[in-house]
Amino acid sequence: MRRPIVAGNWKMHGSRTTASELLAGIKEGVDSVRNVGVVICPPYVYLDQVASLLKGTPISIGAQNLCQVTGHGAYTGEISGQMLRDLGCQHVIVGHSERRNIYGESDALVAEKSIAAHHADLTPIICVGELLEEREQGDTEKVVGRQLDALLSTAEGIEALRHSIVAYEPVWAIGTGKTATPEQAQDVHAFIRGRLAQIDQVLAEKVCILYGGSVKPGNAVELFGMKDIDGGLIGGASLNTDDFLAICRAAE
Ligand code: PGA
């Protein structure tokens, strides 16, 4: 049985003040959320503050990115997995479509980052998903398959996947208010699980596959009710305490 997970991706939003306010509300309400892993991914600069505010709660902390290089070194502007661990992170988002599409992160780099996260004892939340034109051309499975294969083609990648969460986020649904229908999402989730099962049946059964892309309190129950959808990666709605908690409860 996979335990559902709901992760909030704050992206580049907030301040020290709004981070405290948001967390105060979430801490208060999280006790009413049963049997769901809750993860908060604030910007790097608020990780330390968020970690101290969440001490003693069941909420986990994640970063939104990391450097593909393990350890430390001359990589100006980069943050390593070890540094994130040091700050109290247990998770890290890898290969979010905004990293892939705005910053040109390739499938190979995303695979390297996922492996680096695993080596640093972090659980990568590995994002995959197609652009609108790729869906319209009928290429969704080709694209998602290629993104997964960057990991499935090496022993280290498979080992990292064993300790990962996968997030299917159709790029056309992110921040647009357009959600994939539960059936559209389920089809891709089943495809992902099937692809993993070709390599390792146990891995495929164990890995949590989250859906992301305009998840709201009004559509979360239906989406999370699908067989292969094990929770969500939440952007916009994670910046509102009531909405985020309602989505967490929808995953129960
Ligand atoms: P959204 O973002 O919920 O605002 O669509 C999801 C994501 O980018 O992870």
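Computation of the quantities below employed the complete heavy-atom set of this structure, encompassing side-chain atoms and omitting hydrogens, waters and symmetry-equivalent molecules. Since we're looking at a predicted model, the values are computed, not measured.
A heavy-atom distance below 4.5 Å is found between the side chains of Ile174 and Glu98. You'll find the side chain of Pro4 stays beyond 4.5 Å of the side chain of Asp230, heavy atoms only. Using a 4.5 Å cut-off on side-chain heavy atoms (C-beta onward), Leu161 and Val207 make no contact. Asn101 is listed as a side-chain neighbour of Leu131, based on a closest heavy-atom distance under 4.5 Å. Taking the side chain as every heavy atom from C-beta outward, Thr179 and Glu222 never approach each other to under 4.5 Å. Counting only heavy atoms from C-beta outward, the side chains of Ile61 and Val39 never approach each other to under 4.5 Å. Between Thr123 and Gln90 the shortest side-chain heavy-atom distance does not fall below 4.5 Å. For the pair Ile79 and Leu84, the minimum side-chain heavy-atom distance is below 4.5 Å.
One hydrophobic cluster holds both Val92 and Val38 under the rule that ILVMFWY side chains link at heavy-atom gaps under 4.5 Å. Linking ILVMFWY side-chain heavy atoms closer than 4.5 Å, directly or via other members, places Leu203 and Ile192 in a single hydrophobic cluster. Both Tyr46 and Met83 are assigned to one and the same hydrophobic cluster, defined by single-linkage of ILVMFWY side chains at heavy-atom distances under 4.5 Å. The hydrophobic clustering, which links ILVMFWY residues whose side-chain heavy atoms are closer than 4.5 Å, places Ile165 and Leu223 apart. Put simply, Leu54 and Ile26 are part of the same group of oily side chains (I, L, V, M, F, W, Y) that touch within less than 4.5 Å, one to the next.
Checked against ring-ring contact (aromatic ring centres under 6.0 Å, His included), His96 has no partners two or more places apart in sequence or in another chain. Checked against salt bridge (charged side-chain N to carboxylate O under 4.0 Å, His left out), Glu159 has the following partners two or more places apart in sequence or in another chain: Arg162. Shown here are the side-chain hydrogen bond (donor to acceptor under 3.5 Å, both in side chains) partners of Asn65, two or more places apart in sequence or in another chain: Lys113. Glu169 is linked by a salt bridge (charged side-chain N to carboxylate O under 4.0 Å, His left out) to nothing, counting only residues two or more places apart in sequence or in another chain. For Lys216, there are no side-chain hydrogen bond (donor to acceptor under 3.5 Å, both in side chains) partners, not counting sequence neighbours. For Asn9, there are no side-chain hydrogen bond (donor to acceptor under 3.5 Å, both in side chains) partners at least two apart in sequence or on another chain. Tyr168 is linked by a ring-ring contact (aromatic ring centres under 6.0 Å, His included) to His189, counting only residues two or more places apart in sequence or in another chain. A search for salt bridge (charged side-chain N to carboxylate O under 4.0 Å, His left out) contacts involving Asp243 returns nothing, not counting sequence neighbours. Judged as a side-chain hydrogen bond (donor to acceptor under 3.5 Å, both in side chains), and not counting sequence neighbours, the contacts of Gln186 are Asp228. Under the ring-ring contact (aromatic ring centres under 6.0 Å, His included) criterion, His163 pairs with His118, sequence neighbours left out.
Cluster partners of Trp172 are Leu132, counting Ile, Leu, Val, Met, Phe, Trp and Tyr whose side-chain heavy atoms approach within less than 4.5 Å, directly or via other members. Other members of the cluster containing Leu109 do not exist, because no ILVMFWY side chain is joined to it at under 4.5 Å.
Shown are Leu22, Val30, Val6, Leu239; of these, the side chain to side chain contact (heavy atoms under 4.5 Å, CB included) with Phe244 is made only by Val6.
For Gln147 (side chain) and Gly129 (main-chain N/O), a donor-acceptor pair under 3.5 Å exists by modelled atom type. The main-chain N or O of Gly71 is found under 3.5 Å from a side-chain atom of Ser80 such that the two form a donor-acceptor pair. In this structure, the side chain of Lys27 engages the main chain of Leu53 through a donor-acceptor pair within 3.5 Å. The backbone N or O of Val36 sits nowhere less than 3.5 Å from a side-chain atom of Glu252 that would complete a donor-acceptor pair. Using a distance-only test at 3.5 Å, with no hydrogens or angles considered, a donor-acceptor pair links the side chain of Gln49 to the main chain of Arg16.
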Worked verdict on Thr70 versus Gln82 for side-chain contact (heavy atoms from CB on, under 4.5 Å): CA-CA 7 Å; Thr70 298; Gln82 284 78 359; 3.1 Å; yes
Under the side-chain contact (heavy atoms from CB on, under 4.5 Å) criterion, do Phe224 and Val215 qualify, and how do the steps go? CA-CA 10 Å; Phe224 299 165; Val215 178; 4.1 Å; yes
Before you tell me yes or no, could you show the steps for Glu156 and His119 under side-chain contact (heavy atoms from CB on, under 4.5 Å), namely the whole-Å CA-CA distance, both residues' side-chain angles and the distance that decides it to 0.1 Å? CA-CA 10 Å; Glu156 268 194 310; His119 286 166; 3.2 Å; yes
Yes or no on side-chain contact (heavy atoms from CB on, under 4.5 Å) for Arg195 and Leu152, after CA distance, side-chain angles and deciding distance? CA-CA 9 Å; Arg195 191 75 155 217; Leu152 292 173; 3.9 Å; yes
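Atom-to-atom distance recorded for Thr57:OG1 and Lys55:NZ is 11.0 Å, nearest 0.5 angstrom. Atom CD1 of Ile125 sits about 7.5 Å away from atom CD1 of Ile5, to the nearest 0.5 Å. The structure places CE of Met226 at 10.5 Å from CD of Gln184, a figure rounded to the nearest 0.5 Å. Rounding to the nearest 0.5 Å gives a distance of 14.5 Å between CH2 of Trp10 and CD1 of Ile234. In this structure, the separation between CG on Leu233 and SG on Cys41 is 7.0 Å, given to the nearest 0.5 Å. Residue Ser60 holds its OG atom at 11.5 Å from CG of Leu122, rounded to the nearest 0.5 Å.
The two residues Ser114 and Leu151 make their nearest non-hydrogen contact at CB-CD2, 3.8 Å. Among all heavy-atom pairs drawn from Val171 and Ser97, the shortest one is CG2-CB, 3.7 Å. Closest approach of Ala180 to Pro170, counting heavy atoms only: CB-CG, 4.2 Å. Val110 and Gly95 make their closest contact through CG2-CA, 3.6 Å (heavy atoms, listed as atom of the first residue, atom of the second, distance). A pairwise comparison of heavy atoms in Leu47 and Gly62 identifies CD2-O, 3.6 Å as the closest pair.
Ion pairing between a basic and an acidic side chain is recognised when a charged N comes within 4.0 Å of a carboxylate O; Asp107 and Arg100 show such pairing. At a threshold of 4.0 Å, the pair Glu205-Arg193 does not count as salt-bridged, since none of the basic side-chain nitrogens sits closer than that to a carboxylate oxygen.
Environment of CD in Glu28: sparse, with no more than 12 heavy atoms of neighbouring residues, nucleotides or ligands closer than 6.0 Å.
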